[in-house]
There are 2 protein chains.
Amino acid sequence: MVQSETKTVDERVALRRREILHAASTLFRRRGLQRTGMRDIARALGVAVGQLYYYFENKEALLAYCQEVCLERLLTESAMIRREKAPASVRLSRLIEAHLRCLNEEIPGSLAHLEVESLNEPTKQRILRLRKKYEEALIGLLKEGQADGTLVASDPVLTVRLLLGALNWSVKWFNRDGSTTLDSLVQTAQAYLVPLTPRPPARRVTTSESSS
Amino acid sequence: MVQSETKTVDERVALRRREILHAASTLFRRRGLQRTGMRDIARALGVAVGQLYYYFENKEALLAYCQEVCLERLLTESAMIRREKAPASVRLSRLIEAHLRCLNEEIPGSLAHLEVESLNEPTKQRILRLRKKYEEALIGLLKEGQADGTLVASDPVLTVRLLLGALNWSVKWFNRDGSTTLDSLVQTAQAYLVPLTPRPPARRVTTSESSS
DNA sequence: TTAGTTTCTGAACCATGGTTCAGAGCGAAA
DNA sequence: TTTCGCTCTGAACCATGGTTCAGAAACTAA
C-alpha cells in the first residue's frame, strides 16, 4: 500500500504478494482453510476480491505459497542447525525450538504442511517433496544421536513422525493471547521430546557415581 | 439392511444409525471432512441422499456423533486403565496403546476431536467438555506418576498436549494398508512418549547399585 | 493534456454441496 | 383388499464461495 519510492514493477508486485500472503496466512491459521473465503482475505486487506486474482492465480496458489514459505524456512534452519558442531541432543533441542517458533510465532506460515490434500497433484507433490526432505533431516539427526550416544530411538522414522505430530499439533491449541507462553512450550517440548539416553554420557573421566 | 427378526422400531433405527455413522466416519477419515459430501456417504451406502436426513438432522450431527462415540470410548477406557493397580508408567503405556488403537484400528471414530471448529456452539461445547475431561484424566495420570516416582513431567498440562498431538497426528499419516503396522507404532510411541524417570525405582529393597 | 500501462473494483457468473419435499414402495394390521 | 405408518427416493431448491470480466481509477511518460 505504501511503497512509493523508486521500485521496479517486479519489486512492487513481490511486495504486495507478501502482504497478501501475510493476511491470508493469518486468517487460514485463525479460522481454518475451508472457513476463510477469498472475500474474507480481501476484507482483511481492505480491498476488493478481484485484486487477489491479480496477484495470485487462485486460492490454492495462495495456500501453496504459504506452505512453501514455511517449509523453506524450516529447511533452511534445519540445515544450519544440523551443520553445527554440538551433540545431536542439543541440536535436536534447537530444532524443536525453531520448529515451534516457525509455526507459532508472530503471523507466519502457520499451517506448516497441514491441508496438503486440498492441492492439485503437481503442487501437492512439490510440497510433499519438501516435507519429506525435512523429515529426513530429522531422521538423520536422530541417527547421529545414536552414533554419538546422546539419543535413543528404537525406530527413528516413526519417532520423527510422533515428534512432528506433537509439534505440529500445537497450531491447533496454542494461542498467542492465551495463558501459556511460547517460551514455556518450547522448554516443555525440549524436555519431553528429546529422547536422551537414560544415563547421560559421563562428563568426567571417572565412572564412579554416588547414589545419594 | 438385513435386520429382519423381531426388532422394535427404535432398535432398527439405532442399528441403521450405526451403519450410517460407520460409512460416514470411514469417508471422513479417508478424504477429510470438507471433501466428503452427503452424496458421497449415500453412494457408499448404496442409498439416496434423502435417507441420511431421515436418520440424522444434518451433516453436522453426523460429525458430532462420530466425535462423541470416539471420545466416549476413550473416556471409558481411560477410566478403566486409571483404576488399575499398577505403576503410573505402565498405565500410561496402556493408555497410549488404547488411544492409538481407537483412532487407527478398523474403521472407527477416526478424527477424534479434530474439526471441532465446524460445529455450532452448543454441540461444540459438549464435545469440548468431553475432550477436556479426557485431557484431565491424562494430566492426573502424569501427576500420579510423579507421586509414585515412575514418571517425570515438568509441566503436566503442556506435556499432555504434546502427547496428544503426537498420537492424534497419526491419523494424518498412518495408513492401515501402508508398510508400518499398528503394533510397531504402538511400541515406538510407548518407548518414546512415556517420560520414565531417568533411573527407574529400585525393584529390590536395597539401594545399592553396580555401575557397569 | 493525452495516450498508454498498471492496478484495482465489484457485480455477476457458476459449480459445489447441504437441504427439502412431494411422492412412491412396503410391510403389517384390520 | 384396504389402510396406515414407516422408509426411502431423487429431483429441485438454495446458500456459499471461488472465479471472471468489463470497465474505472491511478499513475507515468510524451
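The basis for the numbers below is simple: all heavy atoms, side chains too, and nothing from hydrogens, waters or symmetry mates. Here the structure is a predicted model, which means the values were calculated and not measured. Just so it is clear: chains get the letters A, B, ... in the order the sequence lines come, proteins before strands, and each one is counted from 1.
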**Message:** Once you apply a heavy-atom cut-off of 4.0 Å, does Gly37(A) come out as touching a base, just sugar-phosphate, or nothing?
**Reply:** sugar-phosphate
**Request:** Return the value, rounded to whole Å, for the distance between atom CD of Gln51(A) and atom C1' of dA22(D).
**Result:** 17 Å
**Request:** Select one nucleotide: of dC8(C), dT7(D), dA11(D), the one nearest the side-chain heavy atoms of Val49(B).
**Result:** dA11(D)
**Message:** Rounding to an integer number of Å, can you tell me how far Arg39(A) CZ sits from dA15(D) P?
**Reply:** 14 Å
**Asked** Does any N or O in the side chain of Gln190(A) come within less than 3.5 Å of the main-chain N or O of Ser93(A), such that one atom is a donor and the other an acceptor?
**Response** yes
**Message:** With a 4.0 Å cutoff (strictly under), does any side-chain N or O of Tyr54(B) reach OP1 or OP2 of dT7(D)?
**Reply:** yes
**Request:** Identify the heavy atoms of Arg35(B) and Ser118(A) that sit nearest to each other, and give their distance.
**Result:** NH1-CB, 3.5 Å
**Request:** Determine yes or no for a side-chain-to-main-chain donor-acceptor pair under 3.5 angstrom, with Gln146(B) supplying the side chain and Ala153(B) the backbone.
**Result:** yes
**Item:** Integer-rounded Å distance: dC21(D) C1' and Asn58(A) CG
**Value:** 17 Å
**Item:** Nearest-neighbour nucleotide for the Met38(A) side chain, dT9(D), dG10(C), dT19(D) considered
**Value:** dT19(D)
**Item:** Nearest-Å distance for atom pair OH/P, residues Tyr53(B) and dC6(D)
**Value:** 23 Å
**Request:** Tell me whether the guanidinium CZ or amine NZ of Arg161(B) lies under 6.0 angstrom from the six-membered ring centre of Trp169(A) and within 45° of its axis.
**Result:** no
**Message:** Distance check needed: dG18(D) P versus Leu63(A) CG, whole Å only.
**Reply:** 12 Å
**Asked** Expressed in angstrom and rounded to an integer, what is the separation of Glu60(B) atom CD from dG17(C) atom C1'?
**Response** 16 Å
**Prompt:** Distance only, no hydrogens: is a donor on one side chain within 3.5 Å (strictly under) of an acceptor on the other, for Arg29(B) and Asn104(B)?
**Reply:** yes
**Request:** Calculate the interatomic distance between Lys59(B) atom NZ and dT20(C) atom P; express it in whole Å.
**Result:** 15 Å
**Asked** At under 4.0 Å between heavy atoms, what does Tyr55(A) touch on the DNA or RNA strands: base, sugar-phosphate, or nothing?
**Response** sugar-phosphate
**Prompt:** Whole Å only: how far is the CG atom of Leu27(A) from the P atom of dG18(D)?
**Reply:** 12 Å
**Prompt:** Between dC8(D), dC8(C), dT6(C), which nucleotide has the shortest distance from any of its atoms to the side chain of Arg16(B)?
**Reply:** dC8(D)
